[in-house]
Amino acid sequence: MSLASLPLTVAAPETHGFLSPTGVEIAFLLVGLVTFGAALITVTTRQLVHAALWLVVTLGGLAVEYLLLTAEFIAWVQVLIYVGSVVVLLLFGLMLTKAPIGRSPDADSGNRWAALTVAVASAAALVWVVVDAFRTTWIDLDGPAAGSTEATGASLFQNWVLPFEALSVLLLAALVGAIVLSRKAKAESASPPVNSRAVSGGSPSVPDSRNHPIRRKEPVTGTRATTGSGSTTGTGSTPGTASTPGTASTTSAGTAPGAGSATGAESAAGAKPATAAESAEQEGAR
Amino acid sequence: MHLAYPAVLSALLFCTGLYGVLARRNAILVLMSVELMLNAVNLNLVAFDVWLSRTAEETLHSGQALTLFTIAIAAAEIGIGLAIVLAVYRNRGTSDIDRLRDTAEGHEPDGPDSDGDATAAEKAEATA
């Protein structure tokens, strides 16, 4: 049964009498096909920005699958964190590393066929084992929702309090690590943002989006200092520092992505790395 | 709902992410594939939690709690990972993981050579 029923299970169970699909199953199957197709395009497309946009479709499809599985809180957390911030952060990363717009011929490395072999073999093994193990198992979706916000919150704060607090400490560590990794060589201390982020780090994402325009004022003032002196300060001072080895080369490289990818004004070029560092530490807080 | 639907979808998504991790060259695309794999695991956790919350006598909703923890850890991971990728790009001028071969043994002396080219091009861009 196991190997023979695989394509039927994946592709068209409504013609297969064994599964006798309900409406929820058909919806799950259709959304699952869209999700899987978007995931395939995500890992195979040669346009890097399109990969991030297809990732949005994949993650949104997974949120719909969570809703179909009556896990509504997880679904909205998925929409908020993944679609709302992780993809935005990935797009920031793509633009800061000067990813080419349009088709890039070297998006895949040389070991593509080995990777395809490994992936197909593991997919066949996993699907075979999973279908064979759970072919007589059914999820009862009737009654009150198993993943409503009330049930999730009650279990989270009754039984999972200690891991929850440990997770907040981990988020704090990730926040500090992201700041340390992404700051420039002579950046001043960032301890006030650390404290404010640590307070809002426990709750998923609403306070961060509220903090964001307030905190954006700092790089704007910093940018205005560079734009006031014009491009002679921003790029004119870098040849002098770039010739000296050591930390000066890292600072000149830090200004390089923003200045290189500038299409218009100097202020946009200066503000781009600053806002990216902002979003990086915001993501760490989350 | 049959439990095989979310389980099969999760297995397929995981293997798609596995292919992406192995085959992609850009480090940010590798991070995207890692996100796909984490999401596949999340779908499995949610499906089995919904199944067990019906059949078990008493449940801790451990699947959903672990899903929330996984989402939070994935967000932290993507922040740290992007910070590392940006630092590498800042120092090397590239984010292709195929070209970061400084610690590889027994390869051609391609690493320092391309590294020198990258920093030279980067300094040229900085002075331009």
Side-chain angles (χ1 to χ4, degrees), chain A residues 9 19 24-25 28 32 36 39-40 43 51 55 62 66 69 71 74 77 81 86 89-90 93-94 96-97 106 108-109 112 115 119 122-123 126-127 130-131 134 137-141 146-147 152 155-156 159-160 167 171 174 177-178 181-182 238-239 242 252-254 256 260 280 283-284 286, chain B residues 1-9 11-16 18-20 22-26 28-29 31-33 35-36 39 43 46-47 49-51 53-54 60-61 64-65 67-69 71-73 75-76 78-80 82-87 89-91 95 98 122-123 125-127:
Chain A
T9 311
L19 289 173
V24 177
E25 281 179 341
F28 192 94
F36 181 53
L40 280 181
V43 298
L55 189 66
L62 271 171
Y66 293 155
L69 283 170
I74 304 287
V77 166
I81 291 187
V86 166
L89 203 59
L90 283 170
L94 279 179
L96 281 178
T97 55
D106 56 349
D108 290 336
S109 67
R112 178 179 177 180
S122 59
L126 274 178
V127 170
V130 157
V131 169
F134 298 111
T137 310
W138 301 80
I139 303 176
D140 186 14
L141 289 178
T152 308
S155 74
L156 195 63
N159 307 311
W160 296 92
L167 189 72
L171 282 180
L181 279 174
S182 65
T238 43
S252 69
E283 194 49 54
R286 197 163 296 164
Chain B
M1 183 189 292
H2 204 282
L3 188 57
Y5 287 113
V8 166
L9 178 64
L12 290 178
L13 280 180
F14 186 86
C15 294
T16 309
L18 182 67
Y19 168 76
L22 292 177
R24 284 301 202 178
R25 187 185 293 241
N26 195 331
I28 297 180
L29 292 179
L31 282 177
M32 281 186 208
S33 305
E35 293 298 316
L36 269 183
N39 271 284
L43 180 62
V46 167
D49 178 75
V50 173
W51 171 49
S53 68
R54 298 296 179 194
L60 292 179
H61 280 294
Q64 301 200 23
T67 304
L68 286 176
F69 294 162
I71 288 175
I73 289 175
I78 204 77
I80 295 288
L82 277 179
I84 292 173
V85 169
L86 285 184
Y89 180 79
R90 218 181 275 159
N91 288 324
S95 60
D98 282 353
E122 171 189 332
K123 281 184 182 175
E125 282 173 1
T127 54

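Naming convention: chains lettered A, B, ... in sequence-line order (proteins, then strands); numbering from 1 in each chain.
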Spacing of CG belonging to N39(B) relative to OH belonging to Y66(A), to within rounding of 0.5 Å: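 Rounded to the nearest 0.5 Å, the CG-OH separation comes out at 5.0 Å.
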Atom pair CG (L181(A)) and CD1 (I80(B)), whose distance is rounded to the nearest 0.5 Å: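 Taking CG in L181(A) and CD1 in I80(B), the distance rounds to 6.0 Å.
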Under 4.5 Å from any heavy atom of chain B - which part of [X]:
X       : answer
F134(A) : both
L40(A)  : both
V24(A)  : both
L55(A)  : side chain

Test side-chain contact (heavy atoms from CB on, under 4.5 Å) applied to F36(A) and L9(B), step by step: CA-CA 7 Å; F36(A) 181 53; L9(B) 178 64; 4.3 Å; yes
Residue pair L126(A) / A11(B): nearest heavy atoms and the distance that separates them: CB-CB, 3.9 Å
For chain B, the option from A115(A), A39(A), A119(A) that forms the most heavy-atom pairs under 4.5 Å: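 Sorted descending by pairs with chain B, the first entry is A115(A).
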Most contacts with chain B, counted as non-hydrogen pairs under 4.5 angstrom, among L62(A), T152(A), L141(A): L62(A)
Qualifying residue, where the test is side-chain contact (heavy atoms from CB on, under 4.5 Å) with M32(B) and the options are V43(A), L94(A), V86(A):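 Of the listed options, the one satisfying the test is L94(A).
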L18(B) side chain reached by S122(A) side chain, heavy atoms, under 4.5 Å: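 Side chain of S122(A) against side chain of L18(B), heavy atoms only: contact under 4.5 Å found.
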Side-chain heavy atoms of L156(A) within contact of H61(B), under 4.5 Å: no
Ion pair check, D108(A) and R25(B), cut-off under 4.0 Å: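 Between R25(B) and D108(A) there is no salt bridge, as every charged N stays at least 4.0 Å from the carboxylate O atoms.
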